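Below: the structure, in C-alpha cells.
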Amino acid sequence: MNVGIIGGGQLGRMLVMEGRKLGFNFSVIDSNANSPAGRISDSSYSYDQYRDFIGQSEVITFEFEHIDSRVLEAAESSGKLFPGKNSIMLKRDRADEKNFLKGIGVPTAEFMVAETRKELSEAVKSFDHSVLKSAAGGYDGKGQYRLKRNDKLDGIPDQKYVVEQKIDFDYEASAIFVSDRNGKVVMFTPSYNLNRKGILLLNRAPISDPGFRDIGERIIRSLGYVGAMGIEFFVVDGKPMVNEIAPRVHNTGHHTLLGSTMSQFEAHLRAITGLPINEPELLSPSGIVNLIGKDLDSTTRSEILSIPGTVIYWYCKDSARRGRKLGHVNIASHDEASLKKRMDLVTRAYYGDDPDKYL
Ligand code: ATP
Ligand code: MG
C-alpha cells in the first residue's frame, strides 16, 4: 500500500514510523525536501510535483491544515483523500469551524466574528474577558490576543478575528476519535492537557469522560468523516465544551504510542486504508512531555532515558527556536501517581525550573 502524506512535519513522521509496521510505503509532499517525515519516507515531492505525488499514492492523507489549494483540489478529485476536503475547509477559517459546531448543537465558548475594526471593537466590548483568534492560519496559540472589555485595540493587527469569551475552565482535555470507511467510530481514552502560553506542554491519560464521546460522534457523523480527529475540550463545571477540532492525528494523542493497544497513527492508517479498527484500550497510565524550544544535548537525553518508562521521539527539525515543538517524551507507568512523578522528572530534566523561557 502506497500512502501519500501532505505535509512533512512530526505528525507525518510518526505516521510513517507506525505505518512501517503494516509494511506500507510512504510518499511525502512538502516544501522542505528534508522535512521530518520526508527524510524517512520512500519518496518525497515538492509542491510543484503534486500530480506525480497524487498519481503515486493509493490513499492520500494530510498532517496539517494549511494545504496549498491546488494540491487539495487535485487530491480530493482523485477520490483518494481521507479525511475529505469538507473537514479541512472548516480549518481555513475559524469562523466556519465555530459556526459549524454551533450549527450541529455542540457547546462552545460564546463567540462573535469580526471582519472590520468596528466589529472588533464591538465584540471586545461584549465580553468581560475575551480571546481574539485570527480567523486564518493560527496554531500553537499564535495569532491570539487576550483583552479586557475596555482595552484599546492598539497594536492588534488588522485582520478577521473570531472573538471568544474567555473561559474559566476546570481543566482542558482531549479525545482522539477514529472513524473507518464503514462509519464505525471509536474513541481513545480521553486525556488531560496542560497548555502554557497557548502551547501544549503536557498531556496524560486516563481521565473520565464527562460527555466527550457523544460530542465527538456527532461531529464525526455530521462530516461523514474517515480517519483520526483530535478534539480539544474545555471542561467547565464538569461539562464539556469544544475548543477546536483538528481533522488529523493530534499532539494530545501521542500518549497512545505507549500504553495503548494501538497508536492514533496506526488507527488513522487502518481507517483510511480500509483495514479494521476496534475500540482502543489503555494498558497503563500514559503521558507525554513536549520538548519545545531548545536542542536536546546528550547529557539531557541520557538523564531523560534514565527515568523508567520513558521513550524519546526527536523530530529532526532543521533548527531549534523558541516555541517550536522539536520532540516529545512518552512516559508510562503502572499507576497514575508514579506517572505524574516521572513526568515531573522529565520536565525538570529538559526545562530546568522554567519552561516559560523556551515557550
Ligand atoms: P493548536 O491548534 O496548536 O491547538 P491554536 O493556536 O489553534 O492551537 P487554540 O487551541 O484555540 O489555539 O488555543 C490555544 C490555547 O489557548 C487553548 O488550549 C487554551 O489553553 C487557550 N484558550 C483558547 N481559547 C480560549 C478561551 N476562549 N478561553 C480560555 N482559554 C482559551
Ligand atoms: Mg488548540
Side-chain angles (χ1 to χ4, degrees), residues 7 9-11 62-67 87-88 90-102 106-114 123-124 126-149 157 159-176 190-204 207 212 216 219 228-237 239-254 264 288 290-293 315 322-326 328 355-356 359:
Q10 67 265 24
L11 299 173
F62 48 86
E63 60 105 54
F64 81 142
E65 285 95 336
H66 308 299
I67 301 178
S87 61
I88 210 156
L90 293 177
K91 299 300 293 186
R92 287 279 156 106
D93 186 327
R94 281 184 203 269
D96 294 342
E97 178 184 0
K98 278 280 188 311
N99 282 323
F100 159 73
L101 293 169
K102 192 172 166 183
V106 165
T108 64
E110 270 186 57
F111 68 94
M112 292 172 76
V113 178
V124 169
S126 65
F127 301 112
D128 284 341
H129 293 267
S130 54
V131 181
L132 278 53
K133 298 181 180 177
S134 61
Y139 69 100
D140 288 346
K142 294 175 176 68
Q144 291 193 11
Y145 306 88
R146 283 153 195 257
L147 295 184
K148 294 203 272 298
R149 191 186 291 274
Q159 52 186 327
K160 181 176 177 186
Y161 289 97
V162 171
V163 180
E164 294 180 12
Q165 169 198 24
K166 180 171 177 284
I167 300 297
D168 195 10
F169 44 75
D170 312 340
Y171 60 93
E172 289 190 78
S174 295
I176 309 296
S191 58
Y192 163 87
N193 298 336
L194 180 67
N195 289 287
R196 288 261 279 261
K197 296 190 177 173
I199 190 166
L200 184 77
L201 182 60
L202 312 173
N203 161 266
R204 72 180 142 70
I207 57 168
F212 304 144
I219 293 171
M229 173 187 284
I231 304 185
E232 295 180 10
F233 298 93
F234 298 139
V235 178
V236 189
D237 298 328
K239 294 202 186 67
M241 59 169 69
V242 171
N243 172 33
E244 62 167 345
I245 63 174
R248 51 169 167 76
V249 286
H250 193 249
N251 194 176
T252 61
H254 296 356
Q264 62 165 344
I288 65 147
N290 269 338
L291 305 178
I292 302 166
Y315 305 149
R322 192 171 178 173
R324 190 173 205 200
K325 290 175 186 161
L326 300 168
H328 77 264
D356 285 348
L359 307 183

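Read the numbers this way: they start at 1 and go in the same order the structure lists the ligands and their atoms. Owing to the predicted nature of the structure, the values given are computational and were not obtained by experimental measurement.
- The N/O atoms of His250, backbone and side chain alike, include none that comes under 3.5 Å of an N/O atom in ligand 1.
- Protein heavy atom nearest atom 6 (O) of ligand 1, with residue, atom name and distance: Gly141 N, 2.7 Å.
- Closest protein heavy atom to atom 24 (N) of ligand 1: Lys133 NZ, 2.9 Å.
- Vertex the Mg ion (ligand 2); arms to Glu232 OE2 and Glu244 OE2; angle rounded to 10 degrees, 90°.
- For the pair Lys148 and Phe127, the cation-pi test (distance below 6.0 Å, angle within 45°) is failed.
- Looking at ligand 1, you'll find an N or O of Asn243 within less than 3.5 Å of one of its N or O atoms.
- The closest protein non-hydrogen atom to atom 15 (C) of ligand 1 is Gly198 CA, 3.9 Å.
- In Asn193, neither the side chain nor the backbone holds a heavy atom less than 4.0 Å from any atom of ligand 1.
- The proximity of Ile167 to ligand 1, defined as any non-hydrogen pair under 4.0 Å, involves the side chain as well as the backbone.
- The local environment of NZ in Lys197 is crowded, with over 12 non-hydrogen atoms from other residues, nucleotides or ligands closer than 6.0 Å.
- Inspection of the His328 and Gln10 side chains reveals no N or O donor paired with an N or O acceptor under 3.5 Å.
- Ranking protein heavy atoms by distance to atom 3 (O) of ligand 1, first place goes to Asp140 N, 2.7 Å.
- Between Lys98 and Glu164 a salt bridge is recorded (basic side-chain N to carboxylate O distance below 4.0 Å).
- Partner of Asp128 under the side chain to side chain donor-acceptor pair (under 3.5 Å) criterion, out of Lys166, Gln165, Arg149: Arg149 alone.
- Taken to the nearest 0.5 Å, the NE2 atom of His250 stands 9.5 Å off from the OG atom of Ser191.
- Distances from atom 5 (P) of ligand 1 to the heavy atoms of Glu172, Glu65, Arg94, Glu232 show the closest one on Arg94.
- Where the criterion is an N or O separation shorter than 3.5 Å, residue side chain and backbone included, Lys166 fails it with respect to ligand 1.
- Residues Asn193 and Glu172 have side chains that never bring a donor and an acceptor to within less than 3.5 angstrom of each other.
- Asn290 and Asn251 share a donor-acceptor pair across their side chains, judged by distance under 3.5 Å alone.
- Below 4.0 Å from some heavy atom of Phe169 lie the following atoms of ligand 1, by number and element: 29 (C), 30 (N).
- Between Lys91 and Glu244 there is a salt bridge, since a side-chain N of the basic residue sits under 4.0 Å from a carboxylate O of the acidic one.
- Qualifying side-chain hydrogen bond (donor to acceptor under 3.5 Å, both in side chains) partners for Asp237, counting only residues two or more places apart in sequence or in other chains: none.
- In this structure, the protein non-hydrogen atom closest to atom 27 (N) of ligand 1 is Glu164 OE1, 2.8 Å.
- In the candidate list Glu110, Arg146, Gln144, Arg146 is nearest to atom 21 (C) of ligand 1, counting heavy atoms.
- Protein heavy atom at the shortest distance from atom 25 (C) of ligand 1 is Phe234 CZ, 3.5 Å.
- Among all protein heavy atoms, the one lying closest to atom 2 (O) of ligand 1 is Glu244 OE2, 3.0 Å.
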